[in-house]
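I have placed the structure first, in the form of structure tokens, so that the comments after it can refer back to it.
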Amino acid sequence: ATGNGVPSVNAGANFTIPRSTPFILTGSGSDPNSDPLTYCWEEFDLGPAGPPNVSTTTGPIFRSFNPVTSPSRTFPKLSDILNNTTTIGEILPSIARTMTFRLTARDNRAGGGGVNYSSMTLTIAANGPFAVASPNTAVTWCPGAQTVTWSVNGSNAQAANVNILLSMDGGSSFPITLAANTANDGSQGVTIPCSFSSTARIKVEAVGNIFFDISNANFTVGDNTKPTFTAPANIVINKDASCNYNASTTITGDVTDEADNCDNTLNATFVDGTAAGSCAGETIITRTWILTDDCGNSTVKVQTITIRD
């Protein structure tokens with residue numbers, strides 16, 4: 001006897017999902033000897049022989065991969081979802097059917113490793129696919145109000161609500177929740193943050209179920225572009241007979257050509273600094289113009305106003 005205990009494993013609940021829609025299976029496991037486990041999800045169906053990547057009503061359509069340390073597997077591979085590619089031996093079920101998946105856990109102990117497995121049933125409904133519709137191309141979304149849309153295609157029968165998530169790294173992770181537990185009705189207004197990314201993706205995932213979809217292409221969100229403007233020219237003005245002067249913008253000029261890639265409510269401000277000039281009775285006003293957009297991007301320009309007797 002090796003003294004090694006058999007790991008426990010649970011493939012989790014059964015689910016029903018729409019056809020032609022990605023999904024994630026997640027199980028759990030533990031080991032009585034606290035050995036680290038590896039996991040392998042495999043489809044456990046038999047059917048007639050046939051070519052790979054052809055959807056059938058009975059045969060397996062997902063191949064096995066090497067065990068990993070995570071008890072979750074994305075179907076198909078995340079890299080294929082993000083790159084819109086297909087791996088031989090992996091194809092989403094496009095017709096209604098029932099599928100069996102087995103999760104195997106191994107403790108990999110030398111000299112007598114323990115192995116255990118658990119199975120679950122996945123039912124593919126006739127409705128679907130569930131798919132992100134917009135944004136789904138290389139568009140640019142400025143910060144603020146935007147609308148995410150997706151094709152429901154009857155999937156509200158499998159999940160009444162969805163979460164809408166934002167990735168800033170091309171779909172590797174989705175740390176930003178744009179909408180939580182919103183109705184699976186195909187459209188949701190969201191607020192895009194100022195944080196900039198040119199590799200953003202949208203994920204719409206079922207609440208209480210395992211299916212999801214990710215937008216097909218990287219797109220741009222946020223704003224890291226400084227606004228632009230033209231500062232008034234440097235100017236010399238003279239004091240009046242009472243040695244007073246008027247340095248308001250009606251005399252010295254105001255900014256023009258304010259523009260920004262996202263913000264259309266721009267308003268430049270200024271701060272004045274005053275110092276004695278090089279000549280007797282001369283005053284130099286250094287007017288610093290500042291133009292800041294809604295995301296805090298600022299452009300600064302300086303105007304020099306010379307006051308003479």
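All residue numbers refer to positions in the sequence shown, counting from 1.
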Would you say the side-chain atoms of [X] pair up with the backbone N or O of [Y], donor to acceptor, closer than 3.5 Å?
{"X": "Asp80", "Y": "Thr87", "answer": "yes"}
{"X": "Asn156", "Y": "Ala160", "answer": "no"}
{"X": "Gln188", "Y": "Ala179", "answer": "no"}
{"X": "Thr304", "Y": "Thr286", "answer": "no"}
{"X": "Glu43", "Y": "Ile61", "answer": "yes"}
{"X": "Asp45", "Y": "Pro60", "answer": "no"}
{"X": "Gln303", "Y": "Asp254", "answer": "no"}
{"X": "Asp169", "Y": "Ser173", "answer": "yes"}
{"X": "Thr104", "Y": "Tyr117", "answer": "no"}
{"X": "Lys301", "Y": "Phe229", "answer": "yes"}

If two hydrophobic side chains count as joined below 4.5 Å and joins carry through other members, does [X] share a cluster with [Y]?
{"X": "Val152", "Y": "Ile210", "value": "yes"}
{"X": "Trp150", "Y": "Ile214", "value": "no"}
{"X": "Leu37", "Y": "Val6", "value": "no"}
{"X": "Ile251", "Y": "Ile307", "value": "yes"}

Open item on the list: Working note: Ile91 + Thr86, criterion side chain to side chain contact (heavy atoms under 4.5 Å, CB included); need CA distance, chi angles, decisive distance, verdict.
Closed with: CA-CA 7 Å; Ile91 182 174; Thr86 301; 5.6 Å; no
Straight-line distance of [X] [atom1] to [Y] [atom2], nearest 0.5 Å:
{"X": "Phe174", "Y": "Ile202", "atom1": "CZ", "atom2": "CD1", "result": "8.0 Å"}
{"X": "Arg201", "Y": "Phe219", "atom1": "CZ", "atom2": "CZ", "result": "9.5 Å"}
{"X": "Ile237", "Y": "Ile285", "atom1": "CD1", "atom2": "CD1", "result": "6.0 Å"}
{"X": "Leu122", "Y": "Ile17", "atom1": "CG", "atom2": "CD1", "result": "4.5 Å"}
{"X": "Thr283", "Y": "Arg308", "atom1": "OG1", "atom2": "CZ", "result": "11.5 Å"}
{"X": "Thr306", "Y": "Ile284", "atom1": "OG1", "atom2": "CD1", "result": "3.5 Å"}

- [ ] Evaluate side chain to side chain contact (heavy atoms under 4.5 Å, CB included) for Ser195 paired with Met168, printing each intermediate quantity in order.
- [x] CA-CA 9 Å; Ser195 300; Met168 306 294 272; 3.7 Å; yes
We want to know whether [X] and [Y] form a side-chain donor-acceptor pair, criterion being a heavy-atom distance below 3.5 angstrom.
{"X": "Asn4", "Y": "Asp107", "value": "yes"}
{"X": "Asp223", "Y": "Asn261", "value": "yes"}
{"X": "Ser248", "Y": "Thr250", "value": "yes"}
{"X": "Asn218", "Y": "Thr199", "value": "no"}
{"X": "Asn153", "Y": "Ser155", "value": "no"}

Task: Partners meeting salt bridge (charged side-chain N to carboxylate O under 4.0 Å, His left out) with Glu90 (sequence neighbours left out) - done: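 With neighbours one apart ignored, the set is Arg73.
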Open item on the list: Which residues pass the salt bridge (charged side-chain N to carboxylate O under 4.0 Å, His left out) test with Arg287, not counting sequence neighbours?
Closed with: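 By the salt bridge (charged side-chain N to carboxylate O under 4.0 Å, His left out) rule, Arg287 matches Asp272.
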Less than 4.5 Å apart, any side-chain heavy atom of [X] and any of [Y]?
{"X": "Thr121", "Y": "Phe15", "result": "no"}
{"X": "Ile24", "Y": "Phe211", "result": "no"}
{"X": "Thr57", "Y": "Ile95", "result": "yes"}
{"X": "Phe130", "Y": "Val204", "result": "yes"}
{"X": "Ser298", "Y": "Lys226", "result": "no"}
{"X": "Met99", "Y": "Pro93", "result": "yes"}
{"X": "Thr177", "Y": "Ile164", "result": "no"}
{"X": "Ile176", "Y": "Leu165", "result": "no"}

Open item on the list: Is Cys194 disulfide-linked to Cys295, taking SG-SG under 2.5 Å as the test?
Closed with: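 Answer is yes: Cys194 pairs with Cys295 in a disulfide.
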Mind listing the closest non-hydrogen atom pair of [X] and [Y] along with its distance?
{"X": "Asn163", "Y": "Ala180", "answer": "OD1-CA, 3.4 Å"}
{"X": "Ile192", "Y": "Gly222", "answer": "CG2-N, 4.1 Å"}
{"X": "Thr228", "Y": "Leu291", "answer": "O-CD2, 3.5 Å"}
{"X": "Arg97", "Y": "Thr58", "answer": "NH2-O, 2.9 Å"}
{"X": "Pro32", "Y": "Pro7", "answer": "CD-CA, 4.0 Å"}
{"X": "Asn10", "Y": "Leu103", "answer": "O-CD2, 3.9 Å"}

- [ ] Go through the steps to decide whether Asn83 and Ser79 satisfy the test side chain to side chain donor-acceptor pair (under 3.5 Å), and finish with yes or no.
- [x] CA-CA 6 Å; Asn83 295 314; Ser79 58; 5.2 Å; no
- [ ] Check the surroundings of atom CZ in Phe44: do more than 12 heavy atoms from other residues, nucleotides or ligands lie under 6.0 Å from it?
- [x]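 No, CZ of Phe44 has 12 or fewer neighbouring heavy atoms, counting only those of other groups under 6.0 Å.
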Open item on the list: Cation-pi check for Phe212 against Lys203: NZ or CZ below 6.0 Å from the six-membered ring centre and within 45 degrees of the axis, yes or no?
Closed with: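 Here Lys203 passes the 6.0 Å and 45° test against Phe212.
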Open item on the list: Quick test of your reading: applying side-chain hydrogen bond (donor to acceptor under 3.5 Å, both in side chains), list the pairs with at least one residue in residues 126-149, sequence neighbours left out, ordered by first then second residue.
Closed with: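 The answer is Asn127-Gln158.
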Task: Inter- and intrachain pairs under side-chain hydrogen bond (donor to acceptor under 3.5 Å, both in side chains), touching residues 19-38, at least two apart - done: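 Listed by first then second residue: Ser8-Ser30, Thr26-Ser72, Asp35-Arg109, Thr38-Asn108.
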Task: Set of residues satisfying ring pair (Phe, Tyr, Trp, His ring centres under 6.0 Å) with respect to Phe75, sequence neighbours excluded - done: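 Phe75 satisfies ring pair (Phe, Tyr, Trp, His ring centres under 6.0 Å) with Phe23, Phe62, Phe101 only.
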Open item on the list: If you apply the rule side chain to side chain contact (heavy atoms under 4.5 Å, CB included), what do you find for Thr85 with Lys77, and how did you get there?
Closed with: CA-CA 9 Å; Thr85 55; Lys77 293 194 302 183; over 6 Å; no
Task: Pair listing, ring-ring contact (aromatic ring centres under 6.0 Å, His included) test, anchored in residues 285-309, at least two apart - done: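 The answer is Phe270-Trp289.
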TODO: Kindly determine whether Met120 and Leu25 satisfy side chain to side chain contact (heavy atoms under 4.5 Å, CB included), including the steps that lead there.
DONE: CA-CA 9 Å; Met120 59 84 67; Leu25 295 181; 3.9 Å; yes
